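Here the structure comes first, spelled out in structure tokens, and everything after it is commentary.
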Amino acid sequence: MEYLEIFCGIVALFLAIYYYFTIKFKFWESRGVIGPRPIFLFGNFLKVILARTTLPEYVKQIYEKYENEQMIGTYMLSAPVLILRDPEIIKDVLIRDFSKFGNRGINFSDKAEPLSTNILNLEPKRWRPLRGKLSPMFTSGKLKDMFDLILESGAQLEKYLNKIVAQKEPIDFHNVTAKFATDVIGSCAFGIETSALDDEESDFRKLGKTIVAVDLQNTIRLKVRTFLPKLYDLSGYIFPERRFTPYFTNLVADTMKYRKENKVYRPDFIHILMELKEHPDSIEEFKLTNEILAAQAFIFFVAGFETSSSTMSNALYELARNPQIQDKLREEIREHYAKHNGKLKYEHIKNMEYLDKVFKETLRMYPPAGTLPRLSMTNYTFKNTKISIPKDVSVWIPVFAIHRSPDIYPNPDVFNPENFSEAAIATRHPMFYLPFGGGPRKCIGERFGIYQTKIGLISILRNYKVDVCKKTMIPYEFDPNTFLLAAKGGIYLNVSKVD
């Protein structure tokens with residue numbers, strides 16, 4: 001009798017769970033939204049959970065399957081997620097009705113990962129005032145002041161490549177460009193000579209590697225944060241992040257303390273944080289702690305080196321596979337230097353039209369953020385539809401899928417800078433190109449990233465040539481265990497000097 005009661009209890013529990021998920025999985029059907037059939041317990045993203053593919057690539061498969069729909073209903077485990085296809089609806093979410101979708105809905109926890117409370121993740125209450133205070137760091141005037149510092153790192157990059165050429169061995173260019181970007185961020189944001197290009201033991205470079213490493217700890221944290229937010233928050237009491245949080249928090253605090261005590265002034269990111277700390281009453285909406293200040297420096301560091309280094313290395317990958325495009329770009333760079341007596345100035349970058357096309361085409365094919373998440377902050381009915389959603393429903397803009405759609409970009413898997421000629425751009429809806437996001441929560445460091453990346457490419461391609469080699473990854477593969485879209489196993493190319 002005892003065993004029968006246990007058995008009946010197990011059956012009852014299973015039926016209760018089954019009923020719970022069955023009701024949950026009626027969410028989109030009850031609203032008339034079509035989508036793939038979910039799997040019991042796992043929803044629609046089991047392949048992503050098991051790291052068989054990246055989230056943006058899998059969303060692309062769904063996007064293509066439901067090509068005649070304005071939006072597609074899916075489930076992340078049991079939570080409803082709406083994937084948008086219609087550009088006008090995307091514009092509503094990102095821009096016109098931003099006040100109703102101002103939250104990214106990204107899971108973060110100040111206990112599990114103190115540095116996650118940054119401007120990228122924060123809810124609107126804290127994001128809005130911080131954005132206003134940090135924006136001065138990214139004005140054109142401020143960037144112009146930093147331009148020479150970026151050029152100095154570019155000169156160091158050229159010297160580094162000269163050593164690499166002498167070794168006559170393939171080199172992982174993602175690592176090379178990450179070193180360059182680390183030096184730029186260290187100099188422009190922290191006033192620190194990181195020496196990542198010169199010193200393999202550079203603390204900043206080792207820190208960057210640890211943060212983005214595809215190792216067991218980072219992978220588990222990413223999966224739990226994405227798919228099990230409640231467990232992720234609870235984990236902060238038991239397994240808080242300790243590999244880089246203490247180091248980075250102390251670095252920011254010590255740098256600010258040193259500058260204050262020694263009356264050191266540098267017009268950089270640390271100075272802005274110092275101003276916020278000295279005048280915390282300038283942000284009345286919440287308490288400005290040392291951890292929140294460090295978190296803002298942290299995201300500038302991580303996003304600044306990882307997104308730019310990926311874009312540079314991906315551009316070089318495509319240029320190595322398309323030597324005629326590489327030659328045309330090098331010709332433009334050299335013509336510019338000849339025209340301006342071997343000088344490169346801030347205002348000259350905008351005049352390199354083909355470089356701009358190459359840059360934009362790289363971000364079309366390889367957008368670091370393959371999906372843009374938003375969370376409904378109120379009940380909402382999508383315009384010109386009968387579809388309504390309640391508060392706290394995730395809405396995704398499938399950037400990677402849009403950028404690789406043959407209906408928008410002919411031959412989307414072919415690298416073609418002419419996709420960004422004036423005539424081609426005029427044929428597309430502006431919401432069909434979103435590498436930096438869109439609307440008020442568009443990437444705050446967009447302008448900085450553009451200049452950093454372009455100067456890096458100029459420094460490499462002016463006097464050096466990249467070619468594919470036996471170690472080059474063909475076809476290209478994305479790593480399924482990274483937060484941002486990134487190459488699997490590095491980008492290995494040969495590099496040689498050009499006369």
Side-chain angles (χ1 to χ4, degrees), residues 151 154-155 157-181 307-340 342 344 348-367 403 409-421 424 435 449-477 487 490-499:
L151 284 182
L157 176 58
E158 290 191 58
K159 292 179 181 178
Y160 179 80
L161 287 176
N162 208 33
K163 297 177 183 177
I164 298 300
V165 169
Q167 296 174 10
K168 297 183 179 180
E169 293 287 338
I171 184 72
D172 178 6
F173 264 89
H174 183 265
N175 186 40
V176 172
T177 55
K179 289 180 177 181
F180 162 73
T307 57
S308 292
S309 61
S310 291
T311 302
M312 279 183 274
S313 55
N314 286 329
L316 293 169
Y317 173 85
E318 289 295 343
L319 293 172
R321 297 189 65 192
N322 296 275
Q324 72 285 1
I325 296 176
Q326 183 180 168
D327 291 342
K328 184 175 180 179
L329 176 54
R330 183 178 295 106
E331 182 180 355
E332 179 185 69
I333 293 170
R334 289 187 161 186
E335 284 180 355
H336 170 86
Y337 272 91
K339 181 179 179 180
H340 297 283
L344 183 63
H348 296 164
I349 299 294
K350 290 183 179 180
N351 297 330
M352 296 189 184
E353 295 181 1
Y354 199 66
L355 173 62
D356 190 58
K357 290 179 181 179
V358 168
F359 172 78
K360 289 177 177 176
E361 176 69 352
T362 301
L363 284 176
R364 178 193 70 80
M365 292 189 69
Y366 307 99
H403 287 192
Y409 296 93
N411 300 313
D413 296 327
V414 174
F415 189 78
N416 178 20
E418 294 309 314
N419 279 323
F420 292 91
S421 66
I450 290 172
Y451 274 79
Q452 177 182 221
T453 301
K454 287 183 176 180
I455 291 173
L457 290 174
I458 290 168
S459 301
I460 294 169
L461 295 169
R462 181 188 177 193
N463 294 313
Y464 300 94
K465 178 184 178 183
V466 290
D467 295 289
V468 296
C469 60
K470 290 182 179 180
K471 295 182 71 175
T472 303
M473 175 180 52
I474 300 176
Y476 190 104
E477 290 183 63
I491 294 180
Y492 285 87
L493 301 170
N494 281 331
V495 58
S496 57
K497 190 91 171 181
V498 179
D499 295 329

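Heads up: numbering here begins at 1 and tracks the sequence. Keep in mind that the numbers below use all heavy atoms, side chains included, and drop hydrogens, waters and symmetry copies. Treat the numbers as computed from the prediction; the structure is a model and nothing was measured.
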For [X], all residues meeting side-chain contact (heavy atoms from CB on, under 4.5 Å), sequence neighbours excluded:
{"X": "His340", "answer": "His336, His348"}
{"X": "Pro435", "answer": "Leu363, His403, Tyr433"}
{"X": "Lys471", "answer": "Pro170, Cys469, Tyr492"}
{"X": "Thr307", "answer": "Pro368, Leu484"}

So [Y] and [X], do their side chains get closer than 4.5 Å, heavy atoms only?
{"X": "Glu332", "Y": "Leu355", "value": "yes"}
{"X": "Ile491", "Y": "Leu316", "value": "no"}
{"X": "Glu318", "Y": "Thr362", "value": "no"}
{"X": "Tyr409", "Y": "Asn416", "value": "no"}
{"X": "Val176", "Y": "Leu157", "value": "yes"}
{"X": "Tyr366", "Y": "Ser310", "value": "no"}
{"X": "Phe173", "Y": "Leu161", "value": "yes"}
{"X": "Met352", "Y": "Leu344", "value": "yes"}

Checking [X] now: which residues fulfil salt bridge (charged side-chain N to carboxylate O under 4.0 Å, His left out) with it, not counting sequence neighbours?
{"X": "Arg330", "answer": "Asp327"}
{"X": "Lys360", "answer": "Asp356"}
{"X": "Glu361", "answer": "Arg364"}

Practice task
For atom NZ of Lys339, decide whether the heavy atoms of other residues, nucleotides or ligands shown that lie under 6.0 angstrom number more than 12.
Solution key: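 No, because the 6.0 Å sphere around NZ of Lys339 holds 12 heavy atoms or fewer from other groups.
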Between [X] and [Y], which heavy-atom pair has the shortest distance, and what is it?
{"X": "Leu493", "Y": "Val468", "value": "CD2-CA, 4.2 Å"}
{"X": "Met473", "Y": "Gly490", "value": "CE-O, 4.1 Å"}
{"X": "Gly154", "Y": "Ser459", "value": "CA-OG, 3.3 Å"}
{"X": "Met312", "Y": "Ala181", "value": "CE-CB, 4.4 Å"}
{"X": "Val358", "Y": "Pro417", "value": "CG2-CG, 4.0 Å"}
{"X": "Ser313", "Y": "Thr177", "value": "CB-OG1, 3.9 Å"}

Quick check for you: to the nearest 0.5 Å, what is the distance between [X] atom [atom1] and [Y] atom [atom2]?
{"X": "Leu319", "Y": "Ile325", "atom1": "CG", "atom2": "CD1", "answer": "7.0 Å"}
{"X": "Leu329", "Y": "Gln324", "atom1": "CG", "atom2": "CD", "answer": "12.0 Å"}
{"X": "Ile164", "Y": "Gln167", "atom1": "CD1", "atom2": "CD", "answer": "4.5 Å"}

Handout entry: Pairs meeting criterion salt bridge (charged side-chain N to carboxylate O under 4.0 Å, His left out) with involvement of residues 158-179, two or more places apart
Key =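 As it turns out, the salt bridge (charged side-chain N to carboxylate O under 4.0 Å, His left out) pairs with a partner in residues 158-179, which skip direct neighbours, are Lys179-Glu200.
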Exercise for the section: Dump the intermediate steps for side-chain contact (heavy atoms from CB on, under 4.5 Å) on Tyr354 and Ile333, then the final yes or no. Expected result: CA-CA 9 Å; Tyr354 199 66; Ile333 293 170; over 6 Å; no
Examine distances only and state if a side-chain atom of [X] and a backbone atom of [Y] form a donor-acceptor pair shorter than 3.5 Å.
{"X": "Gln326", "Y": "Lys465", "result": "no"}
{"X": "Arg462", "Y": "Arg334", "result": "no"}
{"X": "Thr453", "Y": "Ile450", "result": "no"}

With [X], which residues qualify under side chain to side chain donor-acceptor pair (under 3.5 Å), at least two apart?
{"X": "Tyr337", "result": "none"}
{"X": "Asp413", "result": "Arg404"}
{"X": "Glu418", "result": "Lys357"}
{"X": "Asn175", "result": "Arg205"}

Practice task
Measure from the ring center of Tyr160 to the ring center of Phe180 and say whether it is less than 6.0 Å.
Solution key: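 When the ring centroids of Tyr160 and Phe180 are compared, they turn out to be at least 6.0 Å apart.
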